[in-house]
Amino acid sequence: MIREYIAEAMRRAEYEKIEGDEPYYGEIKDCPGVWAAGRTLEECRKNLEDTLDGWLVVRMTRGKDVPALGNVTITPSVKVA
């Protein structure tokens, strides 16, 4: 379930080149606040996936909803206060 969610989110990622030391920028608009940068596109993708992973952990441990991505959903079985 989590692997499928991450795979679907990464398929939805959008990338662009920006100015700076890390000229590759990526974000997943369906997952608010999930963005990353990198020196190469591949580094940016890895950083974005790491950010997404942390974002999921925080949302699930705080009992926050995880937005559905098409037919892919994550429903925490227990909400932690």
Side-chain angles (χ1 to χ4, degrees):
M1 153 176 70
I2 291 175
R3 286 182 188 206
E4 290 85 4
Y5 190 91
I6 290 173
E8 180 60 29
M10 293 303 293
R11 277 192 286 280
R12 294 168 182 249
E14 296 178 12
Y15 301 93
E16 64 182 275
K17 265 193 121 172
I18 59 174
E19 296 294 323
D21 293 337
E22 294 183 314
Y24 291 90
Y25 170 83
E27 69 178 315
I28 303 169
K29 292 181 181 178
D30 294 317
C31 302
V34 177
W35 65 272
R39 290 180 301 252
T40 65
L41 182 56
E42 196 53 44
E43 181 180 276
C44 181
R45 284 184 182 137
K46 169 136 180 28
N47 293 344
L48 188 61
E49 190 169 341
D50 290 345
T51 300
L52 174 63
D53 184 56
W55 181 84
L56 284 169
V57 168
V58 169
R59 290 195 72 85
M60 292 185 337
T61 58
R62 292 190 176 176
K64 302 224 181 237
D65 290 334
V66 176
L69 300 178
N71 294 329
V72 183
T73 61
I74 295 178
T75 307
S77 58
V78 177
K79 290 189 176 185
V80 178

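Positions are given from 1, in the same order as the sequence printed here.
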Honestly curious: do Leu69 and Ile2 fall in one hydrophobic cluster under the side-chain, below-4.5 Å linking rule?
yes

Whether the side chain of Arg39 engages the backbone of Asp21 through a donor-acceptor N/O pair (distance < 3.5 Å, no angle test) should be reported.
no

Can you name the nearest heavy-atom pair linking Gly70 to Arg12, along with the distance?
N-NH2, 3.2 Å

Short N-O contact, Glu42 and Arg45, less than 4.0 angstrom
yes

What's the shortest heavy-atom distance between Thr73 and Ala68, and which atoms?
CG2-CB, 3.4 Å

Sidechain-backbone polar pair: Trp55 side chain, Trp35 backbone, donor-acceptor under 3.5 Å:
no

Do Val57 and Val72 belong together in a cluster built from hydrophobic side chains that touch within less than 4.5 Å?
no

Can a donor-acceptor pair be found, under 3.5 Å and without considering hydrogens, that links the side chain of Glu4 to the backbone of Met1?
yes

Quick one: pull up CE in Met10 and CD in Glu49 and give me the separation to the nearest 0.5 Å.
5.0 Å

Closest non-hydrogen atom pair between Ile74 and Met60, with its separation
CG2-SD, 3.5 Å

Should Glu8 and Arg11 count as an ion pair when the cut-off is N to O under 4.0 Å?
yes

Nearest 0.5 Å, what's the OG1-CG distance between Thr61 and Leu56?
10.5 Å

Interatomic spacing from OH in Tyr25 to CG in Leu48 - rounded to 0.5 Å
9.0 Å

Heavy atoms only: give me the nearest Ala36-Cys44 pair and the separation to one decimal.
O-SG, 3.7 Å

Could you report the tightest heavy-atom contact between Cys31 and Leu52, atom names first, then the distance?
SG-CD1, 4.1 Å

Just how far is it from atom NZ of Lys46 to atom OG1 of Thr40, taken to the nearest 0.5 Å?
11.5 Å

